[in-house]
Amino acid sequence: MGKTLAEKILSEKSQTDVRAGDIAVARVDLAFVQDTTGPLTIREFESSFSSLANKDRSVLFLDHAAPSPNCQLSTDHTYLRGFAASAGCRLSDVGDGVCHQIVAESIAKPSDVIVGADSHTVTAGGLGAFATGMGSSDVAVAMALGRTWFRVPESVRVTVSGSLRQGVYAKDLILHLIGLLGADGATYQSLEFSGDTVDKMSISERLTVANMSVEAGAKVGLFAADDITHDYLIKQGRGGDYRPISPDADASYTRTINIDASTLEPTVSQPHTVDNTAPVKELNGVKIHQVFLGTCTNGRLEDLAMAASILKGKKRHPETRLIIAPASRKVLLQAIEAGYIRTFLEAGAVILPPGCGACLGLHQGVLGDGEVCLSTANRNFKGRMGNPKAFIYLGSPATAAATAILGEITDPREVL
Amino acid sequence: MFKGKAFKFGDNISTDHIVPGRLAHLRSNLPELAKHVLEDADPTFAARVKPGDFVVVGSNFGLGSSREHAPLVIKMAGVSAILAKSVARIFFRNAINLGLPVLICDTNKIDDGDEIEVDMETGVVRDITNGNKIAFKPIPTFMSAILNEGGLISYIKKHGDFKL
Ligand code: SF4
């Protein structure tokens with residue numbers, strides 16, 4: 001019997017032949033933390049261990065509160081910077097961008113095992129890496145030993161075929177899938193994507209889909225590494241990191257979900273759970289006070305390009321704030337060169353520094369009581385954007401741009 | 001054997017309900033952070049919970065962010081175990097890593113405010129108030145070994161590595 005992507009990677013990294021249900025102790029290719037989970041990890045590390053197993057493969061990211069809005073978080077940053085300097089590991093400082101974007105751009109390789117003290121570590125599954133979120137203790141131990149343990153997950157095969165219609169994007173696909181599975185529909189499992197739609201998807205789109213697999217409870221969201229992966233890595237200046245990987249044709253899955261891409265509609269998640277999905281057209285007219293475009297889900301160049309194409313020569317609705325955070329410094333530079341940032345500013349947008357921005361409710365776009373936001377992020381839980389009395393809808397960059405212009409939830413096909 | 005009162009919550013209580021992101025500035029001041037435990041699910045919980053009590057929930061408890069601060073503040077509140085129909089993956093692992101038991105059982109049979117007793121040896125929850133006896137699923141072997149050492153860091157300090 002053949003192997004799934006999860007079984008292949010974990011067998012290789014544990015140097016044992018493992019199958020779904022087995023426990024594997026696997027070598028970790030990258031262990032990282034960010035500024036809101038990092039201080040606990042590093043304090044645990046410092047109180048119990050003396051040195052990092054692999055300095056080059058341990059990274060601290062300052063991205064969630066970047067730049068820091070208060071003295072406590074600034075002090076956390078100082079602590080992490082100090083640790084990076086003394087331990088000799090890599091630090092990604094304020095302004096570099098969101099950890100998952102930087103991991104994709106400059107670190108993750110197909111077949112890697114990656115653990116991060118952040119649930120959206122799954123993003124790197126878009127490049128064929130077994131990447132998963134863990135807590136501070138687990139990452140502290142992974143940094144110390146260079147290994148961690150996994151229960152090898154069962155896999156669900158998601159086969160997507162056909163072409164997405166105009167106005168429908170990877171974000172709509174993953175929102176649709178989460179609505180179908182439910183917020184715990186894939187708990188403990190690996191979601192493995194295949195099919196002719198997936199084979200043609202750009203890495204940016206695959207990262208969006210992998211990023212949100214955790215919103216159905218999945219441990220990882222995995223894509224095969226193919227020529228598109230290779231081209232992406234070449235563009236990032238690291239073609240040498242490429243290695244093809246695909247599941248065996250006779251691998252065994254707990255179930256297969258078939259999605260016909262040509263039937264999908266622009267989709268949104270409604271407050272306060274990600275699986276509370278509906279077609280955008282059913283919500284046309286819901287008044288929106290703030291649109292947030294960015295995050296590790298949809299803050300990449302392709303996302304900004306899509307939004308800019310809709311916003312070009314237009315203005316945001318006077319009662320709707322438009323806040324944009326490019327996912328990384330590289331994305332911001334490219335967006336400046338392409339003229340997107342000018343388009344956004346002329347449309348009345350606020351541009352935030354690369355980082356998580358308004359996504360997690362710390363700063364840079366906290367919602368007021370009763371306010372409603374449409375965000376391109378991955379979560380709309382109560383309180384997520386800093387106020388339990390606010391409401392968050394999630395949608396694609398195209399839906400976000402269309403909504404910013406009309407001031408109410410708008411099907412992007414109305415403006416395309 | 002644990003004994004205490006049940007504090008009941010519904011389904012899909014996320015780590016944002018337990019310790020919201022807006023309080024990230026308190027994460028290096030744990031006693032202060034702990035005062036807000038479960039605030040966005042029940043603002044009165046922190047003041048009412050007593051050492052030994054139980055958090056009893058529906059399905060998919062602890063979904064969302066990987067913040068270990070979520071099970072940590074629940075543990076700091078003195079909660080002896082979480083009883084759930086199901087829990088999100090990262091939360092489950094984090095709780096066990098901190099030495100906080102998470103027991104999967106049919107929590108419909110427990111009402112808010114009930115006195116309950118948990119026998120870790122026999123795997124049974126007894127609701128003293130309504131007389132129900134509920135079996136919980138055994139904790140997977142390897143996680144149980146971590147729990148028995150009081151958490152992951154103590155486990156690794158003692159064994160030096162993962163001993164399967
Ligand atoms: S952008 Fe949002 S979801 Fe992504 S890492 Fe930052 S806070 Fe988390």
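Because only heavy atoms are used, hydrogens play no part in the values below, and waters and symmetry mates are left out as well, while side chains stay in. In the text below, chain A, chain B and the rest are named by the order of the sequence lines, each starting its count at 1.
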Kindly determine whether R89(B) and T132(A) satisfy side-chain hydrogen bond (donor to acceptor under 3.5 Å, both in side chains), including the steps that lead there.
CA-CA 11 Å; R89(B) 182 188 73 82; T132(A) 192; 2.6 Å; yes
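Residue F91(B) does not touch chain A at all, counting heavy-atom pairs closer than 4.5 Å. For D138(A), the parts sitting under 4.5 Å from any heavy atom of chain B are the backbone and the side chain alike. Contact of L63(B) with chain A is made through backbone and side chain together, with heavy-atom distances under 4.5 Å. Both the backbone and the side chain of R147(A) come within less than 4.5 Å of a heavy atom in chain B. Only the side chain of S86(B) has a heavy atom closer than 4.5 Å to any heavy atom of chain A. Y79(A) does not touch chain B: none of its heavy atoms, backbone or side chain, sits under 4.5 Å away. With a 4.5 angstrom heavy-atom cutoff, L145(A) touches chain B only via side-chain atoms. Using a 4.5 Å cut-off between heavy atoms, T187(A) touches chain B through its side chain atoms alone. Only the side chain of F381(A) comes within less than 4.5 Å of a heavy atom of chain B; its backbone N, CA, C and O stay farther away. When heavy atoms are compared at a cutoff of 4.5 Å, R379(A) approaches chain B solely by way of its side chain, counted from C-beta outward. Only the backbone of S47(A) has a heavy atom closer than 4.5 Å to any heavy atom of chain B.
Heavy-atom neighbours of chain A within the stretch residues 114-133 of chain B, taken at a separation under 4.5 angstrom, are nonexistent.
For residues 19-37 of chain B, the set of pairs meeting the salt bridge (charged side-chain N to carboxylate O under 4.0 Å, His left out) definition, not counting sequence neighbours, comprises R22(B)-E39(B), R22(B)-D40(B), E32(B)-K35(B).
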